Amino acid sequence: MALDPVIHAPVRLRIVTLLASTLPDPADELPFLQLQRELDLTAGNLTTHLARLEDAGYVAISKGFHGRKPVTHVALAPAGRLAFATYREELLAMLSAPSQRKGDR
């Protein structure tokens with residue numbers, strides 16, 4: 001059983017976990033700046049990890065305006081929700097599985 005390497009990177013796991021827990025409705029979005037503040041990441045670091053998640057189809061990024069100010073929003077895509085649920089199930093199964101190492105009998 002292998003964990004999804006796209007989600008498994010620590011920063012991307014934090015991003016997906018925050019989106020999944022904050023946005024219960026698939027139509028919900030989180031402003032980039034709020035995501036950046038809550039995760040305490042630089043804009044460049046967050047952008048790099050979001051690009052990897054977007055390439056995998058796990059997040060959707062939209063750009064718009066609030067008045068005259070540009071705003072970027074991030075949503076957890078249906079594929080991202082499924083991938084996170086699968087990741088979580090696999091991780092829990094690994095954690096609850098009996099140890100297979102020698103001497104652990």
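Nothing here was measured: the structure is a model prediction, and the numbers come from that model.
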| request: Could you give me the CA-CA distance, side-chain angles and deciding distance for Asn45 and Leu39, then say whether side chain to side chain contact (heavy atoms under 4.5 Å, CB included) is met? | output: CA-CA 11 Å; Asn45 194 5; Leu39 296 171; over 6 Å; no
| message | Would Tyr87 and Val16 count as a side chain to side chain contact (heavy atoms under 4.5 Å, CB included) here? Give the steps. | response | CA-CA 11 Å; Tyr87 177 93; Val16 174; over 6 Å; no
| task | Dump the intermediate steps for side chain to side chain contact (heavy atoms under 4.5 Å, CB included) on Phe65 and Val71, then the final yes or no. | result | CA-CA 5 Å; Phe65 288 89; Val71 179; over 6 Å; no
| field | Steps toward side chain to side chain contact (heavy atoms under 4.5 Å, CB included) verdict (His8, Leu13) | value | CA-CA 6 Å; His8 192 62; Leu13 179 57; 5.5 Å; no
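Across every non-hydrogen atom of Val6 and Arg12, the tightest pair is O-NE, 2.6 Å. Heavy atoms only, all atoms of each residue included: Ile7 and Phe84 are closest at CD1-N, 3.7 Å.
Note that CD of Gln36 is 11.5 Å distant from CG of Leu30, once rounded to the nearest 0.5 Å. Taken from NE2 in His73 to CD in Gln34, the straight-line distance is 9.0 Å, to the nearest 0.5 Å. Rounding to the nearest 0.5 Å gives a distance of 9.5 Å between CG of Asp28 and OG1 of Thr22. Remark: Leu76 CG to Leu53 CG distance equals 9.0 Å, nearest 0.5 Å.
Linking ILVMFWY side-chain heavy atoms closer than 4.5 Å, directly or via other members, places Leu19 and Leu33 in a single hydrophobic cluster. Following chains of ILVMFWY side-chain contacts shorter than 4.5 Å, one cannot reach Leu92 starting from Leu3, and the two form parts of different hydrophobic clusters.
Side-chain contact between Leu41 and Arg14: present, with at least one pair of heavy atoms (C-beta onward) separated by less than 4.5 Å. Counting heavy atoms from C-beta on, the side chains of Leu18 and Glu38 come closer than 4.5 Å.
Taking a 6.0 Å sphere around CZ of Arg81, one finds it holds more than 12 heavy atoms contributed by other residues, nucleotides or ligands. Atom CG of Asp40 is surrounded by 12 or fewer heavy atoms from other residues, nucleotides or ligands within 6.0 Å.
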Enumerate, atom names and distances included, each donor-acceptor pair closer than 3.5 Å involving a side-chain atom of residues 54-62, sequence neighbours excluded.
residue : atom : partner : partner atom : Å
Tyr58   : OH   : Asp4    : OD2          : 2.5
Ser62   : OG   : Glu29   : OE2          : 2.9

